[in-house]
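First up is the structure itself, then whatever we jot down about it.
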Amino acid sequence: MFSINTALANKSQNNTQRDELSHEHNHSEGEEQESKSSFKEEDHEEGVTLSTQKIKVAGIGADAVFPKKYLNTVYAPGEVKANGYKSYIVSPRTDSVVINRHASLGDHVKSGQKLVTLFSETMAQTQADFLIASSNWKRAKKLGSNNVSERTLVEAENTYKGVYGKLVAFGLTRQGIEKIAQQDSGTFGQYVLIAERDGVVLQDDFMQGQRIGAGETIMLLADESDLWVEANVSPNKELNLALGSPALIDLNGIEYRANVIQEAHTIDPIIRTRTVRLSVTNAGHKLHSGMFVKVYFQFETNDEVIAIPEEALIRSSDGDWTVFVENHPNEFKAVKVTRGRSFGEYREIIGIESGTKVVTHGAFFVASEIAKGGFDPHNH
């Protein structure tokens, strides 16, 4: 009787142990399945997988990024100026009256071209003196030293040269002086000012019949193929500009390359800025004196950095900056980064290894696709 009960007890105990083991085994399998399910969900939360067709339609592009040197930019407002080294002020050297103009504002003139005809009482007297001096000098030379004294020859020559030099000082050319003997009495005192160089007439504020004082500006000629841009830089900005430093000139979206040629060492007392002068080649003659432009000084970074287009940076829901990385084909994962310096349309990023394939175009679409699935693009 006792042995039978013992056997039944052992059998019952064994059944209980098998049930417990079976329960533990089933519970372990359930935890493993739950863990796998959780892992898959977490893996899905890291990013999104897109079809090749959708990537193509959305214009998503990913490129491997590598460190390199970039140009840093600093903005300053600027104004286009005539090149003072290639400009020429046309003015009479003696009080004169305007008889006729031969060029007008905006005209492109060539060297030697007539600009304006003037009349001057002083010029009339000097022209008369020149005719007398020229005649005396020619007669003295013809007679020679055998018929006239050495002193007479020297005086005649010096008088001629003196009057000739005075005409040159008044602005007459050699050809103009040679034509004085051919002038009739009605044109005596008239003379023509010509263009000393090629250029554009930027100023001609006078009228015919107007009396112009000696030294007053009649016209301003400038070579507009090479202009100046004067940038007004805040005195607090330490640019450390060297001669020849590059810069970009922006006029309504059109960019021109320029170079620093001069830098002022004083502060303008009125606008409290210092002037940096640049030289710009006026391709297409779109730039004109007086225009206001944007100046972007460019500086190359001392070390190599990783930078991506600004549009590739997306803010997450918690305000962090992220980029999307393509570790596997068509699979995009959000990675937190730190923004650095701005290089125009590019931005330095910290937190990405060299060679990482980053979405540089269509990042907003990738973020939208992740958001459609109810996931935070920053893994939260």
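- Hydrophobic cluster membership differs between Leu202 and Met291, with clusters built from Ile, Leu, Val, Met, Phe, Trp and Tyr side chains linked at under 4.5 angstrom.
- Summarising the geometry, atom OG1 belonging to Thr73 is positioned 7.5 Å from atom OH belonging to Tyr296; distances are rounded to the nearest 0.5 Å.
- A donor-acceptor contact shorter than 3.5 Å is absent between the side chain of Thr94 and the backbone of Ala214.
- For Lys141, the salt bridge (charged side-chain N to carboxylate O under 4.0 Å, His left out) test picks out no residue, with sequence neighbours left out.
- The distance from the CG atom of Leu227 to the NZ atom of Lys86 is 9.5 Å, given to the nearest 0.5 Å.
- Looking at heavy atoms from C-beta onward, Ile249 lies out of side-chain contact with Glu255 at the 4.5 angstrom threshold.
- The 12-atom threshold is not exceeded at CD1 of Ile89, counting heavy atoms of other residues, nucleotides or ligands nearer than 6.0 Å.
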- Task: For Val358 and Ile306, run side-chain contact (heavy atoms from CB on, under 4.5 Å): C-alpha distance rounded to whole Å, both residues' side-chain angles, the deciding distance at 0.1 Å, then the answer.
- Result: CA-CA 11 Å; Val358 176; Ile306 292 178; over 6 Å; no
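- In this structure, a donor-acceptor pair under 3.5 Å is present between the side chains of Asn330 and Thr52.
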- Task: Might you work through the side-chain contact (heavy atoms from CB on, under 4.5 Å) test for Val200 and Val109, ending with a clear yes or no?
- Result: CA-CA 6 Å; Val200 179; Val109 298; over 6 Å; no
- I would like to know whether Leu118 and Val98 meet side-chain contact (heavy atoms from CB on, under 4.5 Å); could you show each step before the answer? CA-CA 5 Å; Leu118 304 171; Val98 178; 3.9 Å; yes
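- A donor-acceptor pair is defined here as one N or O able to donate and one able to accept, closer than 3.5 Å; no such pair exists between the side chain of Asp223 and the backbone of Gly199.
- Atom OH of Tyr346 sits in a sparse spot, with 12 or fewer heavy atoms from other residues, nucleotides or ligands closer than 6.0 Å.
- A donor-acceptor pair is defined here as one N or O able to donate and one able to accept, closer than 3.5 Å; such a pair exists between the side chain of Asp107 and the backbone of Ser104.
- Partners of Val168 under the side-chain contact (heavy atoms from CB on, under 4.5 Å) rule, at least two apart in sequence or in another chain, are Tyr164, Ile177.
- The aromatic ring centres of Phe130 and Tyr160 sit less than 6.0 Å apart.
- Taking each heavy atom of Ala103 and Met219 in turn, the nearest pair found is O-CE, 3.1 Å.
- In this structure, Phe206 has no ring-ring contact (aromatic ring centres under 6.0 Å, His included) partners at least two apart in sequence or on a different chain.
- Counting non-hydrogen atoms of other residues, nucleotides and ligands closer than 6.0 Å to CZ of Arg197 gives a total above 12.
- You'll find the side chain of Lys179 stays beyond 4.5 Å of the side chain of Gln183, heavy atoms only.
- Contact of the Asp204 side chain with the Ile218 side chain is not registered, since no non-hydrogen atoms from C-beta on lie closer than 4.5 Å.
- The two residues Ala133 and Val163 have their closest heavy-atom pair at CB-CG2, 4.2 Å.
- To the nearest 0.5 Å, atom CG of residue Asn327 and atom CZ of residue Phe332 are 10.5 Å apart.
- A chain of hydrophobic side-chain contacts below 4.5 Å, direct or via other Ile, Leu, Val, Met, Phe, Trp or Tyr residues, connects Leu251 to Val80.
- Side chains of Val260 and Phe297 form a contact here, defined as non-hydrogen atoms less than 4.5 Å apart.
- Pairs of residues two or more places apart, or lying in two chains, that qualify as ring-ring contact (aromatic ring centres under 6.0 Å, His included) and include a residue from residues 214-235 are Tyr85-Trp228.
- Smallest separation of non-hydrogen atoms from Glu224 and Ser289: OE2-N, 4.0 Å.
- Looking only at distances, no side-chain donor or acceptor of Glu348 sits under 3.5 Å from a matching main-chain atom of Gly340.
- Side-chain atoms of Ser111 and Asp198 form no donor-acceptor pair, as typed in the model, at a separation below 3.5 Å.
- At least one side-chain heavy atom of Val325 sits less than 4.5 Å from a side-chain heavy atom of Ile352.
- The side-chain contact (heavy atoms from CB on, under 4.5 Å) test with Val90 singles out one residue from Val201, Leu115, Leu220, and that residue is Leu115.
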- Query: Would Phe324 and Ile314 count as a side-chain contact (heavy atoms from CB on, under 4.5 Å) if you check the C-alpha gap in whole Å, the side-chain angles of each, and the deciding distance to 0.1 Å?
  - Reply: CA-CA 9 Å; Phe324 296 106; Ile314 301 293; 4.0 Å; yes
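- With values rounded to the nearest 0.5 angstrom, Thr117 atom OG1 is found 5.5 Å from Asn100 atom CG.
- With Thr126 contributing its side chain and Thr122 its backbone, the two residues share a donor-acceptor pair below 3.5 Å.
- Within the 4.5 Å cutoff, side-chain heavy atoms of Val305 are placed close to those of Arg341.
- The nearest pair of heavy atoms linking Ala181 to Leu131 is CA-CD2, 3.7 Å.
- Annotation: Glu345, atom CD; neighbour count of heavy atoms from other residues, nucleotides and ligands within 6.0 Å does not exceed 12.
- Put simply, the side chain of Gln203 reaches to within 4.5 Å of the side chain of Thr217, judged on heavy atoms.
- With 3.5 Å as the limit, one finds a donor-acceptor pair spanning the side chains of Asp226 and Ser279.
- For the pair Glu369 and Lys54, the salt-bridge criterion is met [side-chain N within less than 4.0 Å of a carboxylate O].
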Contacts under 3.5 angstrom, residues 189-196 side chains, donor-acceptor by atom type, not counting sequence neighbours:
{"residue": "Tyr191", "atom": "OH", "partner": "Ser96", "partner atom": "OG", "Å": "2.6"}

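- Minimum interatomic distance between Gly213 and Pro92 (heavy atoms only, all atoms of both residues): O-CG, 3.6 Å.
- The structure places NZ of Lys138 at 11.5 Å from CG of Asn136, a figure rounded to the nearest 0.5 Å.
- Between Arg211 and Glu121 a salt bridge is recorded (basic side-chain N to carboxylate O distance below 4.0 Å).
- Of the possible donor and acceptor atoms, none in the side chain of Asn158 sits under 3.5 Å from a partner among the backbone N and O of Gly162.
- Judged by distance alone, the side chain of Thr356 and the main-chain N or O of Glu353 form a donor-acceptor pair under 3.5 Å.
- In this structure, the side chain of Ser120 engages the main chain of Asp95 through a donor-acceptor pair within 3.5 Å.
- Residues satisfying the side-chain contact (heavy atoms from CB on, under 4.5 Å) criterion with Leu313, sequence neighbours excluded, are Ile308, Glu310, Trp321, Val323, Val337, Arg339, Arg347, Ile349.
- Of the possible donor and acceptor atoms, none in the side chain of Glu331 sits under 3.5 Å from a partner among the backbone N and O of His328.
- Taking each heavy atom of Thr322 and Ser316 in turn, the nearest pair found is CG2-CB, 4.2 Å.
- The NZ atom of Lys166 sits 9.5 Å away from the CE atom of Met123 when rounded to the nearest 0.5 Å.
- Of the possible polar contacts, one joining the Asn259 side chain to the Gly244 backbone as a donor-acceptor pair under 3.5 Å is found.
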- Message: Pair Lys69, Glu304 - check salt bridge (Lys or Arg N to Asp or Glu O under 4.0 Å), show working.
- Response: CA-CA 4 Å; Lys69 291 186 177 182; Glu304 294 183 338; over 6 Å; no
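- The closest side-chain heavy-atom distance from Tyr256 to Val293 is not below 4.5 Å.
- Other residues, nucleotides and ligands contribute over 12 non-hydrogen atoms within 6.0 Å of the CG atom of Asp268.
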